[in-house]
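Every value quoted in this text rests on a predicted model; they were computed, and no experiment measured them. Protein chains get the first letters and strands the later ones, always in sequence-line order, with residue 1 at the start of each.
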Amino acid sequence: MAQQSASVQLLEKIVSLAKRRGFVFQSSEIYGGLNGCWDYGPLGVEMLRNVKEAWWRAMTSRSDIEGLDASILMHPKVWEASGHVQNFSDPMVDCKSCKARFRLDHLFSEMSEKKFNNILKFLLSDIRLTSLSPDDLAPISLFTVDPLLFDHAKQVDYLSQLMDQKPEIFDLIVTDDLVNCPNCGTKKSLTSPRNFNLMFETYIGPVKEAGNEIYLRPETAQGIFVNVLNVMQASRQKLPFGIAQIGKAFRNEINTKNFLFRTREFEQMEMQFFVKEGTDEKFYEEWRDRRFAWWQAIGIPKERLHLKPHEKLAHYAKAAIDIEFEFPFGFGEIEGIHNRTNFDLTRHEEFSGKSLSVHDEEKKEKKVPFVIETSAGASRGFMALLCNGYEEEKVGDEVRTVMRLHPAIAPVKAAILPLVNKDGMQEISEKLEQDLRGSMKTFYDDSGAVGRRYRRQDEIGTPFGVTIDSDTLNDQTVTIRERDSMQQIRLPIDNVKGYLLERIGFPV
RNA sequence: GCGGGAGUAACUCAGUUGGUAGAGUGCAACCUUGCCAAGGUUGAUGUCGCGGGUUCGAAUCCCGUCUCCCGCUCCA
């Protein structure tokens, strides 16, 4: 077997630690697991809650952002309006010979121009194409007649759409040898285009029958859009203002991958900021910078973050940029900032028949607001923080595994440790732990050597160790040992709570 | 979905031509220790991923299947 790369080993170490120490378990493990699904264990759930809490505070501590928690199941028309029914599915074809699978539009965009043009000619001339109307063919003939209108990408899109709707046309092209498998080159081996819908479908009500299909939301944003006027009126907000929401979303990915990074069920932290048209670009830049700074505030160094603008924009977006984190497998998106324009609200107006425009007092007109979206992955952010924090550090001749988490993010804030188990040190420690417990997540441990206990805490990212020793018995002071530096300071036991609370606060 | 690798204790992994399941770490208890995982004693933990098959007998051979990792593919 080829030697595993260091990055693979690193990810496996993190996964192993996550399991061993109770951050993340595989879903349904005793049944052999479920592909791409993970459970958060005792430490993981604390940490995930901290990530979400940090985000929630950063958002809703502002006077111009309100919170919301919309339901996962929504009216099916929402997903028609959002474009997911149409765009969230890709027509795919398989090669019956080599079993490779291709997206239909990729098939067209990657073939030679000559071959592509042959297909266009075929469509315009073949008399067997009875299901194609003159309207269907008009865009193609337009492209063919006028070279100025010849836009390859547009034609590819158009052809893909056409053949998605009328797969029998694609079959004819295959039969006539106008397209073969780009992978193995076999002729007449491609299947009809089939739709792969990435939305999870289920049924509302106990009876599974046509007409009551419903989707699990593939993104949380739409719950915000359909509620924009409710929130605005209830909270008496004016433009510009935002709505923040944290919740699960579901995508039936073809492949899951890379631990928590690509899963079918994931949690988003989204804030949609509604602005007047014309101010959208300013707010887009402002939120991009603010969000980029936030990830740094919760402990990710700038060097491990990238801002990556989208080259191809989604159907709804005017501008889009990803914040990427340097995972062991490479840079991957942890948040997207999009200028969604007025696309979503306008579409919901069309599909619902209800006005979603907002009255502008200054201009005396009603207009549909523009939307700047910040959409962060809670699960991905969680994983990024684990990967970022994990470090094997040389201390003397030994290796110390330490999880460098921001104190606000760390699942356990302080470990309370009697240096040894005698002279009443345990009793004092237990009393201190009781006292701190109401204010922060603590852990009491009196087993084995103190060094071992420190190291155990290092591995789960506990930022502080409070040790009760023989001096405590005389002068009521304790030592506080800091995780990253391993340095200790001495404090009166009565000041411990105040000191810790100050250090573990959430960044704003 | 295709191809490659893997799955044995909580973790990392041994396990010979098929013959009663192993190590290290960890965990628990007690002792020792008195500030950075290394001392002593004792102890617990296994559907050998799952399901079939071959066999007197399967962790081991065969078939199927699930999961994880890698590469394609996919990721509006």
Side-chain angles (χ1 to χ4, degrees), chain A residues 1-5 7-9 11-13 15-22 25-38 41 79 82-90 92-95 97-103 105-106 182-184 191 194 196-199 218-219 251-259 261-264 310 312-317 320 322 328-329 332-333 336 338 395-402 417-423 425 447-459 465 467-471 478-479 481 483 485-488 490:
Chain A
M1 195 179 87
Q3 199 182 355
Q4 285 184 323
S5 68
S7 65
V8 172
Q9 285 181 10
L11 186 58
E12 286 184 354
K13 278 182 184 174
V15 173
S16 159
L17 186 151
K19 161 103 194 275
R20 182 162 37 92
R21 300 308 307 270
F25 307 124
Q26 187 170 21
S27 164
S28 318
E29 192 187 9
I30 63 168
Y31 287 101
L34 182 63
N35 180 275
C37 295
W38 303 89
W79 308 111
S82 70
H84 283 87
V85 170
Q86 194 196 341
N87 292 316
F88 216 63
S89 63
D90 293 311
M92 313 273 280
V93 298
D94 295 315
C95 172
S97 172
C98 71
K99 308 290 181 195
R101 171 170 294 165
F102 309 95
R103 254 171 68 170
D105 56 337
H106 287 187
N183 186 43
C184 65
T191 62
R194 285 180 298 176
F196 282 66
N197 195 329
L198 292 185
M199 282 197 287
E219 65 174 23
R251 294 184 192 178
N252 218 341
E253 302 285 355
I254 295 173
N255 265 348
T256 59
K257 225 188 149 167
N258 291 332
F259 194 36
F261 186 77
R262 177 165 298 281
T263 55
R264 296 201 169 94
H310 285 206
K312 275 179 71 179
L313 293 175
H315 61 278
Y316 55 73
D322 287 343
F329 53 81
E333 179 192 355
H338 307 115
V395 176
D397 296 333
E398 289 162 10
V399 173
R400 177 173 82 124
T401 302
V402 54
L417 316 167
L419 184 60
V420 286
N421 298 326
K422 60 184 196 185
D423 300 336
M425 293 183 201
S447 71
V450 73
R452 182 197 305 260
R453 286 177 270 157
Y454 284 145
R455 296 299 169 87
R456 271 200 289 249
Q457 295 302 315
D458 288 340
E459 196 177 51
T467 302
I468 283 70
D469 58 20
S470 52
D471 287 347
V478 299
T479 66
R481 179 254 196 193
R483 175 197 64 206
S485 63
M486 298 194 286
Q487 297 297 307
Q488 291 180 323
R490 199 152 194 108

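Between Asn258(A) and Thr479(A), the residue anchored closer to the 5' end of RNA chain B is Thr479(A), taking for each the nucleotide with the nearest heavy atom. Both Gly36(A) and Glu219(A) sit near RNA chain B, but only Gly36(A) has its closest nucleotide nearer the 5' end.
Using atom C1' as the reference point in both A58(B) and G49(B), the two lie 16 Å apart (nearest Å). G15(B) and A23(B) have their C1' atoms separated by 10 Å, with the value rounded to a whole Å. Nucleotides U8(B) and G46(B) place their C1' atoms 8 Å apart, quoted to the nearest Å. Atom P of G24(B) sits at a distance of 29 Å from the matching atom of C35(B), rounded to the whole Å. U41(B) and U25(B) are spaced 13 Å apart, taking the P atom of each and rounding to whole Å. Rounded to the nearest Å, the gap between the C1' atom of G22(B) and that of U60(B) is 15 Å. A gap of 14 Å separates the C1' atoms of U20(B) and C48(B), to the nearest Å. Comparing C50(B) with A10(B), their P atoms are spaced 13 Å from each other, to the whole Å.
Under the 3.5 Å distance criterion, the side-chain polar atoms of Arg264(A) are matched with a main-chain donor or acceptor of Glu253(A). Between the side chain of Arg251(A) and the main chain of Leu198(A), no donor-acceptor pair closer than 3.5 Å is present. Distance alone, capped at 3.5 Å, is enough to place a donor-acceptor pair between the Arg453(A) side chain and the Leu419(A) backbone.
Distance Gln26(A) CD to G7(B) C1': 11 Å, rounded to the nearest Å. Here G4(B) presents its P atom at 17 Å from NZ of Lys257(A), a figure rounded to the nearest Å. If you take CG of Leu419(A) and C1' of U32(B), they are 14 Å apart, rounded to a whole angstrom. Rounded to whole angstrom, the span from the OH atom of Tyr454(A) across to the C1' atom of A37(B) amounts to 13 Å. The CG atom of Leu34(A) sits 10 Å away from the C1' atom of C66(B) (whole-angstrom rounding). With rounding to whole Å, Asn35(A) atom CG is found 15 Å from U65(B) atom P. The CD-P distance, from Gln9(A) to C13(B), rounds to 9 Å in whole Å. Atom pair Lys13(A):NZ and G26(B):C1' shows a separation of 17 Å (rounding to whole Å applied).
Under the Watson-Crick or G-U wobble criterion, with both distances below 3.5 Å, C56(B) is paired with G19(B). The partner of G64(B), taking Watson-Crick or G-U wobble pairs whose two distances both stay under 3.5 Å, is C50(B). In a base pair of the Watson-Crick type (N1 to N3 plus N6-O4 or O6-N4) or a G-U wobble (N1-O2 and O6-N3), with each distance short of 3.5 Å, G26(B) is matched with no nucleotide. Base pairing annotation: A44(B) forms no Watson-Crick or G-U wobble pair, as no partner gives both donor-acceptor distances under 3.5 Å. The partner of C36(B), taking Watson-Crick or G-U wobble pairs whose two distances both stay under 3.5 Å, does not exist in any strand shown. Remark: G71(B) base-pairs with C2(B). Criterion, Watson-Crick or G-U wobble with two distances under 3.5 Å.
His84(A) contributes atom NE2, which lies 7.0 Å from atom CE of Met199(A) (distance to the nearest 0.5 angstrom). With rounding to the nearest 0.5 Å, the separation of CG in Asn35(A) from OG1 in Thr263(A) is 10.5 Å. Taken to the nearest 0.5 Å, the CD atom of Gln457(A) stands 9.0 Å off from the CZ atom of Arg481(A). For the atom pair Gln9(A) CD and Lys13(A) NZ, the distance stands at 6.5 Å (nearest 0.5 Å).
In the interface, the side chain of Arg481(A) is paired with the base of C36(B) through a donor and an acceptor atom under 3.5 Å apart.
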Between the protein and nucleotides 9-12 of chain B, list the N/O to N/O atom pairs that are separated by less than 3.5 angstrom.
{"from": "A10(B)", "atom 1": "O3'", "to": "Lys19(A)", "atom 2": "NZ", "distance (Å)": "3.4"}
{"from": "C11(B)", "atom 1": "OP1", "to": "Lys19(A)", "atom 2": "NZ", "distance (Å)": "2.3"}
{"from": "C11(B)", "atom 1": "O3'", "to": "Ser16(A)", "atom 2": "OG", "distance (Å)": "3.1"}
{"from": "C11(B)", "atom 1": "O2'", "to": "Ser16(A)", "atom 2": "OG", "distance (Å)": "3.3"}

Please produce a list of atom pairs where a protein N or O lies less than 3.5 Å from an N or O of nucleotides 43-45 of chain B.
none

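The two residues Gly41(A) and Phe25(A) make their nearest non-hydrogen contact at CA-CE1, 3.6 Å. Between Ile468(A) and Met425(A), the shortest heavy-atom contact is O-SD, 3.6 Å. Across all their heavy atoms, Gln488(A) and Tyr454(A) have their closest contact at NE2-OH, 3.1 Å. Between Gln26(A) and Trp38(A), the shortest heavy-atom distance links the atoms CA-CE3, 3.7 Å.
Not one side-chain nitrogen or oxygen of Arg452(A) sits closer than 4.0 Å to the OP1 or OP2 atom of A37(B). Here Arg456(A) does not reach the OP1 or OP2 of C36(B): none of its side-chain N or O atoms lies under 4.0 Å away.
Contact annotation for Phe259(A): backbone-only contact, meaning every heavy-atom pair under 4.0 Å involves sugar-phosphate atoms and none involves a base. When heavy atoms are screened at a 4.0 angstrom cut-off, Asn421(A) is found touching base atoms of the nucleic acid.
Of the listed residues (Arg452(A), Arg483(A), Arg21(A)), just one forms a salt bridge (Lys or Arg N to Asp or Glu O under 4.0 Å) with Glu459(A), and that residue is Arg21(A).
Listed nucleotides: C70(B), U47(B), C36(B). Nearest to the side chain of Ile30(A): U47(B).
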